[in-house]
Structure formats: C-alpha cells, structure tokens
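Here is the structure we will look at, set down as structure tokens.
Since we're looking at a predicted model, the values are computed, not measured. No hydrogens, no waters, no symmetry mates; every other heavy atom, side chains included, goes into these values. Just so it is clear: chains get the letters A, B, ... in the order the sequence lines come, proteins before strands, and each one is counted from 1.
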Amino acid sequence: MDELMALFATQPTTTIARALLGMYLEHETPDGKLGGYIVDCEAYLGPDDLAAHSVGMRNTPRVRAMYQEPGTIYLYTMHTHRIVNFITQPKGIPQGIMIRGLEPVDGIDLMEQQRQKTGPDVANGPGKLVQALQIPAELYGESVFTSPLHLVPERRRTPKGILALPRIGIPNKGEWTQMPLRFAVAGNPYLTNIRKAAVQQDHGWLERRNSDGERNDIDLLRSAINEKNLRL
DNA sequence: CCAACGATATACT
DNA sequence: GTATATCGTTGGT
C-alpha cells in the first residue's frame, strides 16, 4: 500500500490512471465485501483542464475534496447519479481520476441485485459502478487507502493492452475534448460503449500462472462463470 | 436559471 | 445493433 500512496503523490495523473487499470477496488459493506477490477477510467488535470471541476483553481464546497491529500475520495452527483473519483498529486493540486468501469469479482450477486441487471450493465459506467458497489455519499473526503472503500494492490491484475481515448461526455471543451485522457483495458467487456466485436475471451488480462506453469484454478473458475453470465 | 465528468427507454437502420 | 430523446438533481452564476 505504501508503494501505491507514493504513486499517487509523485507520478503524473495519467501514469496513475494507467496503473489503476487492473487494480482491485473493494467496498466493505455491512452486507459483505463488494469488489472488482478497475477497467476504465479518466484523468482530470485541473486547473488547466477545461473539463475538470477544478478548472482555474475553482474551489467551491462541492469541489473542496479535490484539494485534499492524494487518495482522497471525491464524489459528485449529476443527473441523479453519483460518480466516484480518486484525487491524485500532492495536497493543493486539484487533479483526479474518475472511475468509469469495473469488472465485478466479489459480491456479484449483491451487485446484480442492487442494479437489477446482469452482465456488463452491472458496472460498465461511472454511475452504474457506484450503485453496484453501494458507495454512499458519506465517503466524500475519505481516503481510498484506509476507508471502507479501498484499493487492494495485492489482488491487482495486469492488462495485456491499454487504450488511450478521448473522454466521454465533455463536448465544447476545446482541445481538451479530444485529448486522450481516458484509459481502458483493451478487450474488456465492462468498458463504456465497447463494441461486441472488440471483446476478448480473456477480457484483456495477462494470464496468471502458478509456479508449475498451469493456469490459476481461480482464473479458470472465473472465466467459466463469465462465459455463463455474460450476455453481450 | 441553466448546464452538467449519465442512464435508460424508445426509435430507428 | 446504433442513434436520439427524456428523465432528473445539484451546484454555480
């Protein structure tokens, strides 16, 4: 975890965004642990970034979390949906990463129940994954290293390929609209707006192997379950 | 008062 | 399958 904290404090936000792909995100709720791999995210590089809430060092009550320590959880709502971001850079530099897609791993039943959906629709959008993980507004300003909503670097996976794309939903932001600040695991079915033909069998993950070179039993099980549940 | 870092339903090739 | 319309809340001017 120390390594992660250093990453958030010292590396460029785009580098952190890439490193978050495959990172395991967990929320410990009274009903159980909910979690999965981050597969889609966007970097927001305020104060220069015209699409960032912190553009021009704007500091209103809503945005105040962006000026806190790296790892601070920044939540905001739009069109009735709550969106989760993690703040990067040393305190006072208002940059962050929005989490846009999650491949569910633990607590899938609870997430499906929460969403009233199965398959990719459970968590292939920023508002969707917040609902799936049951992230409450009270986590605003808490730390993604120590709060009930936290990263688990020990469980992270490695993407085979990373896509760099323009961010979604930010028209009329000049050059910032087209800038490739959205990062995603190539071939993963939990990306926003992915084409069916672009989905890869292995979801875009580098294979994990045991010391004997065989595929990990847990991976085999999960891919079998994925086969069954994924209706694209 | 209006624009916004969405999601969903509905309407169409 | 893809495009558009509408829902809807909140913050900031």
Side-chain angles (χ1 to χ4, degrees), chain A residues 12-14 16-18 20-21 25 38-68 72-89 93-104 111-141 144 149 163-184 187 189-199 230-232:
Chain A
T13 299
T14 51
I16 304 166
R18 289 172 179 275
L20 280 184
L21 295 177
L25 176 63
I38 295 170
V39 299
D40 195 345
C41 63
E42 293 177 352
Y44 284 86
L45 310 179
D48 298 330
D49 187 346
L50 293 179
H53 291 160
S54 56
V55 60
M57 290 301 274
R58 188 165 64 172
N59 192 349
T60 57
R62 172 178 68 153
V63 196
R64 77 178 191 281
M66 289 197 75
Y67 294 83
Q68 301 309 308
T72 297
I73 296 168
Y74 170 47
L75 299 169
Y76 69 89
T77 56
M78 84 169 298
H79 297 82
T80 76
H81 307 287
R82 182 151 47 236
I83 313 295
V84 65
N85 301 253
F86 304 146
I87 300 311
T88 60
Q89 306 307 310
I93 302 176
Q95 302 196 3
I97 296 167
M98 174 183 115
I99 308 304
R100 170 166 282 287
L102 185 91
E103 178 176 330
M111 293 194 232
E112 289 180 346
Q113 197 177 322
Q114 195 66 216
R115 288 276 305 132
Q116 291 294 300
K117 301 274 183 189
T118 60
D121 267 347
V122 169
N124 65 352
K128 297 178 186 179
L129 87 251
V130 164
Q131 189 187 6
L133 289 175
Q134 300 185 44
I135 299 173
E138 288 71 35
L139 284 175
Y140 182 96
V144 77
L149 178 70
L163 303 172
L165 308 161
R167 293 171 294 182
I168 292 177
I170 50 161
N172 315 320
K173 300 299 180 188
E175 55 176 338
W176 292 93
T177 291
Q178 287 304 317
M179 217 165 279
L181 295 175
R182 175 188 175 205
F183 302 96
Y190 290 88
L191 310 192
T192 301
N193 294 344
I194 190 173
R195 303 289 176 88
K196 178 184 169 187
V199 174
L230 276 185
R231 283 184 285 278
L232 287 170

(request) Tell me which of G125(A) and P171(A) sits closer to the 5' end of DNA chain B, going by the nucleotide each one is nearest to. (result)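 Here P171(A) is the residue nearer the 5' end.
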Protein-nucleotide distance ([X], atom [atom1]; [N], atom [atom2]), rounded to Å:
X	N	atom1	atom2	result
D121(A)	dG1(C)	CG	P	12 Å
H81(A)	dG11(C)	NE2	C1'	17 Å
N172(A)	dC5(B)	CG	P	11 Å
L191(A)	dA7(B)	CG	P	14 Å
L75(A)	dA4(B)	CG	C1'	17 Å
D40(A)	dA7(B)	CG	P	11 Å
Y76(A)	dG11(C)	OH	C1'	13 Å
Y74(A)	dT10(C)	OH	C1'	11 Å

Short side-chain N/O contact to [N] OP1/OP2 from [X], under 4.0 Å:
X	N	value
K173(A)	dA4(B)	yes
R195(A)	dT2(C)	yes
H53(A)	dC5(B)	yes
R100(A)	dG6(B)	yes
K196(A)	dT2(C)	no

Side-chain touch [X]/[Y], heavy atoms, less than 4.5 angstrom:
X	Y	value
K173(A)	V55(A)	no
Q95(A)	D49(A)	no
D48(A)	W176(A)	yes

(request) Mark this stacking check for Y44(A) against dC5(B) as yes or no, applying ring centres under 5.5 Å and ring planes under 30°. (result)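 Ring-base stacking flag set for Y44(A) and dC5(B).
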Report the nucleotide, chosen from [options], that has the shortest atom-to-atom distance to any side-chain atom of [X].
X	options	value
R58(A)	dC5(B), dA7(B), dT13(C)	dT13(C)
N85(A)	dC5(B), dG6(B), dT8(B)	dC5(B)
T80(A)	dT8(B), dA7(B), dT9(C)	dT9(C)

(message) Show the nearest heavy-atom pair for residues V122(A) and R115(A), with the distance to one decimal.
(response)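 The answer is O-NE, 3.2 Å.
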(request) List for me each residue that meets side chain to side chain donor-acceptor pair (under 3.5 Å) alongside E42(A), sequence neighbours excluded, and say none if there are none. (result)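 Once residues adjacent in sequence are excluded, the partners of E42(A) under the side chain to side chain donor-acceptor pair (under 3.5 Å) criterion are Y44(A), R100(A).
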(request) Applying side chain to side chain donor-acceptor pair (under 3.5 Å), name anything that partners N124(A), two or more places apart in sequence or on another chain. (result)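 If we apply the side chain to side chain donor-acceptor pair (under 3.5 Å) test to N124(A), skipping adjacent residues, the hits are K128(A).
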(message) For a quick check of understanding: with a heavy-atom distance under 4.0 Å over all strands, which category does R62(A) fall into, base, sugar-phosphate or nothing?
(response)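 Sugar-phosphate, backbone atoms only, no base.
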(request) Look at all strands and tell whether R182(A) reaches a base, only sugar-phosphate, or nothing, counting heavy atoms closer than 4.0 Å. (result)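 No contact.
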(request) Using Watson-Crick or G-U wobble geometry with both distances below 3.5 Å, tell me the partner of dA4(B), or none. (result)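 By the stated definition (distances under 3.5 Å), dT9(C) pairs with dA4(B).
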